[in-house]
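See below for the structure under consideration.
For this chain, numbers begin at 1 and follow the sequence in order.
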Amino acid sequence: MIPGSCLCGVIRFEVDAFVGPFELCHCPRCRKASGSAFVAGVGVRARDFRWVSGEEACVTYEAPVREHP
């Protein structure tokens, strides 16, 4: 079991196993969304993920996709 949380500690979760390779995406969209040189990510199956606390405080943001002419 791997514990995790947001920086302030309100949101806490546990992961039993990760899926796939750990990835660093450096495309322009990920760099802009993160404000850094890349975004780090790894997959998790729903059955391997548990909320410990703060699920109601978790919000998502879907960046708009821009079409280039």
Exercise for review: Taking R12 for its side chain and S5 for its backbone only, find out whether a donor-acceptor pair lies under 3.5 Å.
Suggested key: no
Shortest non-hydrogen contact between [X] and [Y], atoms and distance:
X	Y	value
M1	P3	O-CD, 3.8 Å
V44	A17	CG1-O, 4.0 Å
V42	F18	CG1-CD2, 3.5 Å

Exercise for review: Would you please name every residue forming a salt bridge (Lys or Arg N to Asp or Glu O under 4.0 Å) with E14, sequence neighbours left out?
Suggested key: R50
Exercise for review: Please round to the nearest 0.5 Å and tell me the distance separating atom CD1 of I2 and atom CZ of F13.
Suggested key: 9.5 Å
Check your understanding: Going only through I, L, V, M, F, W and Y residues with side-chain contacts under 4.5 Å, is there a path from F22 to F38?
Key -> yes
Practice item. Output every pair passing side-chain hydrogen bond (donor to acceptor under 3.5 Å, both in side chains) with a member in residues 35-44, not counting sequence neighbours, ordered by first then second residue. Key: S34-S36
